[in-house]
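Only heavy atoms go into these numbers, but all of them, side chains included; no hydrogens, no water, no symmetry mates. On a predicted model such as this, the values are computed, not experimentally measured, just so you know.
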Amino acid sequence: MSILYPGRLKSVIKLFVAVVLVSLSVLAGLVPAKALEPIPVPIDVEALDISNAIDFHREAGTRLQVSTAPGADGIVRRIEVPSRDGSNTNWAVFALANTSDEQIDRLIVAPNYKLVGSDLFWPDLGLSRIAAITPSQGIAPVRQKSQEADVFLVTLDPGSVVTFVSELTTPNLPEVRLWEPDVYKETINAYSLYRGIILGISGLLALFLTILFVVKGTVMFPATAALAWSVLAYLCIDFGFWGMVFNLEGGGSQLARASAEVMLAASLIIFLYAYLNLNRWNIHYSHLALTTLILLLGLLGVAVWDPSIAAGIARMALAIIGVLGFVTIGVLAFQHYDRAILLIPTWCLLIAWLVGAAMTITGSLSNDIVQPALGGGLVLIVLLIGFTVMQHAFAGGAIAQGLISDVERRALALTGAGDIIWDWDIDRDRIHTGNEVDDLLNLKPGTLEGPARDWLDVLHPQDRDQFRATLDAVIDQRRGKIRQTFRLRSEDGHFRWFRLRARPIIGADGEVIRCVGTLLDVTEERTAEERLLHDAVHDNLTGLPNRELFVDRLKTSLVRAKAEETSKPTILVLNLDRFKQVNDSIGLSAGDSILLTVARRLGRIIGQQDTLGRLSGDQYGLVLLSEQEPDRIVALADSLRKAVRSPITFGDREIFLTCSVGIAFFEGGKQSIEDMLTNAEIALNHARRLGGDRQEVFRPILRPLDKNVVDLESDLRDAIKKETLGVFFQPIIRLEDQSVAGFEVLARWSHPKRGKIAPSEFIPVAEQSGLINELGMYMLDKGAQQLAFWQKEFPMPRPLFASVNLSSRQLLKQDLINDVKAVLSRTSLAPGTLKLELTESLVMSNPEYSAKVLERLKSLGAGLSLDDFGTGHSSLSYLQRFPFDTIKIDQSFVKPNGSSARPVLLRTIVAMGNDLGMSVVAEGAENETDALELYQLGCQFAQGFYFGEAVSANEATKILRKMPTEALAAESA
């Protein structure tokens with residue numbers, strides 16, 4: 001905190017004003033607060049300034065109680081918002097109204113720094129303005145990543161009125177706007193492009209002036225370069241570039257901004273002193289400039305203590321330097337000093353820039369483009385200063401006098417480009433290229449200096465006709481351009497690529513007298529292109545053809561087989577067994593070495609006309625043409641397996657692998673590429689199902705085995721869509737009185753053709769195909785509807801509950817919270833009675849993310865149950881963070897197994913759950929002994945075959961109707 005007297009005076013004044021206002025309110029009695037007016041958010045307005053419609057509550061304490069804006073029903077509510085860190089906080093309150101019938105997404109944007117209105121004395125150098133925003137209803141605004149502003153994404157439902165309470169990190173909030181997200185993104189991108197251009201120009205200018213200083217070592221040039229680098233540093237900070245590079249936040253950004261303004265003023269005084277060469281006129285100028293420079297550099301130390309004070313002094317110093325510099329330049333110009341006269345236009349522009357900057361920081365000039373425009377104007381000033389300095393750098397030279405002819409300029413440009421001159425004198429039939437091409441090709445000097453026909457001997461045979469035809473066409477047509485790429489043979493027999501660009505020159509008689517252009521060596525470019533083409537159709541690791549090239553060669557072989565009916569292709573698909581386990585255990589580098597070794601071994605066995613390709617990670621494909629007999633093909637497949645089975649040495653260990661092979665023969669007719677590949681993969685899958693390390697030939701009988709999974713997935717999708725999938729309920733018994741406390745919702749599927757299908761068979765299919773989300777939502781919706789019916793039909797002081805299992809895909813799904821919210825809003829269940837069951841291993845796989853999601857679900861009114869407790873690898877510290885209200889003990893702890901540790905573990909788990917205030921449900925109660933033991937240990941609930949299997953909704957309703965009268969009476973009591 002600053003200890004300067006002005007800072008304390010501000011605080012005292014604020015405190016005095018606050019005391020006076022409180023006293024007046026007490027004397028006036030309880031005056032009702034003005035109602036908060038909601039701000040309508042038009043759907044067609046891209047940006048809306050709400051800065052003047054915000055109510056501020058400064059130093060209002062750690063908790064703020066405010067009245068919300070009247071909603072659509074006219075009701076005014078009261079909300080209380082605590083601060084995040086418990087410190088004395090400033091608050092800002094505003095309300096937004098969506099008067100349309102569409103959902104609106106808007107960005108609340110509060111810039112961290114605005115030059116407009118930042119003040120001259122004790123300027124506001126910017127900080128993060130908003131720590132958090134709390135809405136009166138709906139989902140909390142989500143902070144968006146931004147280096148320049150506090151950005152929050154809010155969603156307004158149709159017809160809603162939402163009051164937002166913003167916790168401020170600073171007493172001031174200069175500007176707040178509502179932006180349409182896409183428009184804000186486009187605006188930021190547009191400004192980013194503009195800023196990039198300005199930074200690029202400024203950087204190039206600073207670099208150029210630095211190079212100029214190296215060339216011309218007078219003091220004027222390093223002073224100008226220092227000014228250019230100071231401007232570049234200021235723009236980098238003002239545009240937020242350094243903030244992104246060095247992650248400047250809070251005080252760091254303020255220190256950097258203040259230091260940049262100090263250096264800008266210091267570099268300006270250095271330039272003025274050096275350029276005008278003031279030491280030649282009077283020694284007092286040197287003393288004054290040196291004193292001013294020392295004082296300005298001393299502000300860097302002040303900036304470390306209080307950046308606001310340093311920036312304010314630097315801004316005043318910059319204005320004073322501008323005015324005094326203008327007076328000095330005017331006096332010296334009146335004395336006919338050339339440098340002062342040349343600097344007058346630039347300094348006038350600087351004075352105009354200072355006036356604009358003063359109007360901006362005082363708030364007189366306020367719009368969105370003024371700050372970027374001032375940055376561009378600063379670069380323009382440095383650019384003009386650079387041009388002025390260049391006049392002295394090249395004074396008296398040809399460049400300064402502008403005496404370069406167009407021919408000389410073209411010659412200089414050609415020399416700078418480094419291209420080879422290609423000149424063909426047609427009348428003399430002589431090509432001139434100098435000795436550069438001869439040197440590149442290691443030929444004798446003058447080899448290519450001669451008639452055009454001599455080039456035919458050096459040209460690649462495939463390029464000779466095109467070269468000759470192009471030259472003849474230009475001569476015959478008397479117009480056009482030569483743009484040709486060809487190869488020239490070097491002395492060692494290798495070819496290099498060259499690109500020729502030339503045009504004809506017409507003589508006075510209308511005939512072509514010569515062709516002149518440039519010749520450029522493009523061998524590296526063509527090599528890179530060929531490499532890219534190769535990599536596009538080849539595997540980067542093994543160099544084998546990839547799947548695209550493999551399919552293309554298979555297509556070619558099929559076309560040839562159908563046309564000639566001589567060689568019939570056979571497809572072999574090989575897959576390494578247990579490669580994933582080996583790769584996970586010894587590392588990716590070892591896995592790559594294994595794949596490369598296998599590719600080389602397989603390549604040594606096959607014939608030259610065969611094609612071996614890598615189809616995927618550890619899967620290879622072979623188009624076999626060298627063998628036609630089935631017995632020999634099977635023998636070759638066996639040889640391939642033996643080659644893979646040989647040990648692979650990696651470091652000091654030997655790795656043993658096996659492979660499975662699927663074989664598909666060409667059947668003729670209209671068999672397609674996809675059919676052959678599919679048949680080979682079906683045979684491969686069958687070989688892997690049989691244990692691996694074997695080859696299998698495709699047979700039509702194998703096809704249904706692979707088709708069953710696809711059919712099962714399709715049938716399951718239809719069952720969910722048509723709501724024919726069975727929803728069953730297993731009773732959960734309250735051990736205290738043997739009454740039904742709730743049910744676990746389970747999926748049961750009675751297939752119309754295959755009969756009953758166990759969950760262990762169709763649940764994995766749903767997981768792999770992505771249907772688990774639809775299945776989970778289906779069970780959640782049906783379970784909630786049935787539970788709502790029971791709670792209405794059987795009202796009890798302790799309402800019935802229902803548990804529904806969640807999968808990992810559902811937990812990671814972004815819409816899970818909205819789905820649960822929608823289900824709860826449709827069914828109006830008692831809070832906490834719809835319990836979502838999650839396994840311990842599922843929650844612990846990502847505890848940080850799980851904790852956030854579970855907190856949101858809990859706040860919606862859903863109950864949370866930890867399933868299979870004790871079977872995972874839980875951390876008790878994380879378990880305390882999760883808002884679970886129920887734990888389910890895995891049945892392995894309930895069933896007697898002869899171990900003396902089981903009762904101890906069971907008792908410990910039950911006691912821990914009770915101590916944490918959770919309900920404890922035990923699974924797997926098979927008999928009365930299990931139920932009695934659980935009750936004696938303090939377990940509240942149990943489920944298992946002893947209490948009943950999963951039944952349909954109607955049967956479960958009958959169970960509830962048959963509940964003993966004593967149990968119902970106990971519930972009512």
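With values rounded to the nearest 0.5 angstrom, Lys185 atom NZ is found 15.0 Å from Trp179 atom CH2. Atoms CG and CD, on Leu48 and Glu180 in that order, are 13.0 Å from each other to the nearest 0.5 Å. The distance from the OG atom of Ser83 to the CG atom of Leu168 is 12.0 Å, given to the nearest 0.5 Å. The distance from atom CZ of Phe164 to atom CD1 of Ile54, rounded to the nearest 0.5 Å, is 11.5 Å. Here the CD-CZ distance, from Glu46 to Arg177, works out to 12.0 Å after rounding to the nearest 0.5 Å. Here NZ of Lys792 is found 13.0 Å from OG1 of Thr827. Values are rounded to the nearest 0.5 Å.
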Quick one: do Leu932 and Thr929 satisfy side chain to side chain contact (heavy atoms under 4.5 Å, CB included)? Show the steps, please. CA-CA 5 Å; Leu932 181 60; Thr929 303; 5.8 Å; no
Yes or no on side chain to side chain contact (heavy atoms under 4.5 Å, CB included) for Leu96 and Phe94, after CA distance, side-chain angles and deciding distance? CA-CA 7 Å; Leu96 302 178; Phe94 58 95; 4.1 Å; yes
Test side-chain hydrogen bond (donor to acceptor under 3.5 Å, both in side chains) applied to Trp790 and Thr957, step by step: CA-CA 8 Å; Trp790 285 333; Thr957 304; 2.9 Å; yes
Yes or no on side chain to side chain contact (heavy atoms under 4.5 Å, CB included) for Leu838 and Phe884, after CA distance, side-chain angles and deciding distance? CA-CA 10 Å; Leu838 300 94; Phe884 288 108; 4.3 Å; yes
Applying side chain to side chain contact (heavy atoms under 4.5 Å, CB included) to Leu934 and Val894, what does each step give before you reach the verdict? CA-CA 8 Å; Leu934 292 172; Val894 178; 4.2 Å; yes
Passes side-chain hydrogen bond (donor to acceptor under 3.5 Å, both in side chains), His57 versus Asn90? Steps please. CA-CA 6 Å; His57 301 264; Asn90 299 296; over 6 Å; no
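In terms of heavy-atom proximity, Arg734 sits nearest to Ala741 at NH2-CB, 3.6 Å. Scanning both residues, Val161 and Ala97, for their nearest heavy atoms gives CG2-CB, 4.0 Å.
Ion pair Lys888/Glu744 flagged as a salt bridge, since at least one NZ, NE, NH1 or NH2 atom sits closer than 4.0 Å to an Asp/Glu carboxylate oxygen. Between Asp885 and Lys835 there is a salt bridge, since a side-chain N of the basic residue sits under 4.0 Å from a carboxylate O of the acidic one. Under the 4.0 Å criterion applied to side-chain N and carboxylate O atoms, Glu723 and Lys782 are assigned as salt-bridge partners.
A donor-acceptor pair under 3.5 Å links the side-chain atoms of Thr68 to the main chain of Arg77, judged by distance alone. Using a distance-only test at 3.5 Å, with no hydrogens or angles considered, no donor-acceptor pair links the side chain of Glu37 to the main chain of Ala95. The backbone N or O of Glu102 lies less than 3.5 Å from a partner atom in the side chain of Asn98, making a donor-acceptor pair. Ser160 contributes no side-chain N or O that, together with a main-chain N or O of Val162, makes up a donor-acceptor pair within less than 3.5 Å.
Checked options Leu854, Leu857, Asp867; the residue passing with Leu836 is Leu857 (criterion: side chain to side chain contact (heavy atoms under 4.5 Å, CB included)). Test Leu834, Thr886, Thr833, Leu829 against Phe801 for side chain to side chain contact (heavy atoms under 4.5 Å, CB included) and you get one pass: Thr833.
Residues Phe728 and Trp749 place their aromatic rings such that the two centres sit no closer than 6.0 Å.
Surrounding CD of Glu928 are at most 12 heavy atoms belonging to other residues, nucleotides or ligands under 6.0 Å away. The local environment of CZ in Phe945 is sparse, with at most 12 non-hydrogen atoms from other residues, nucleotides or ligands closer than 6.0 Å.
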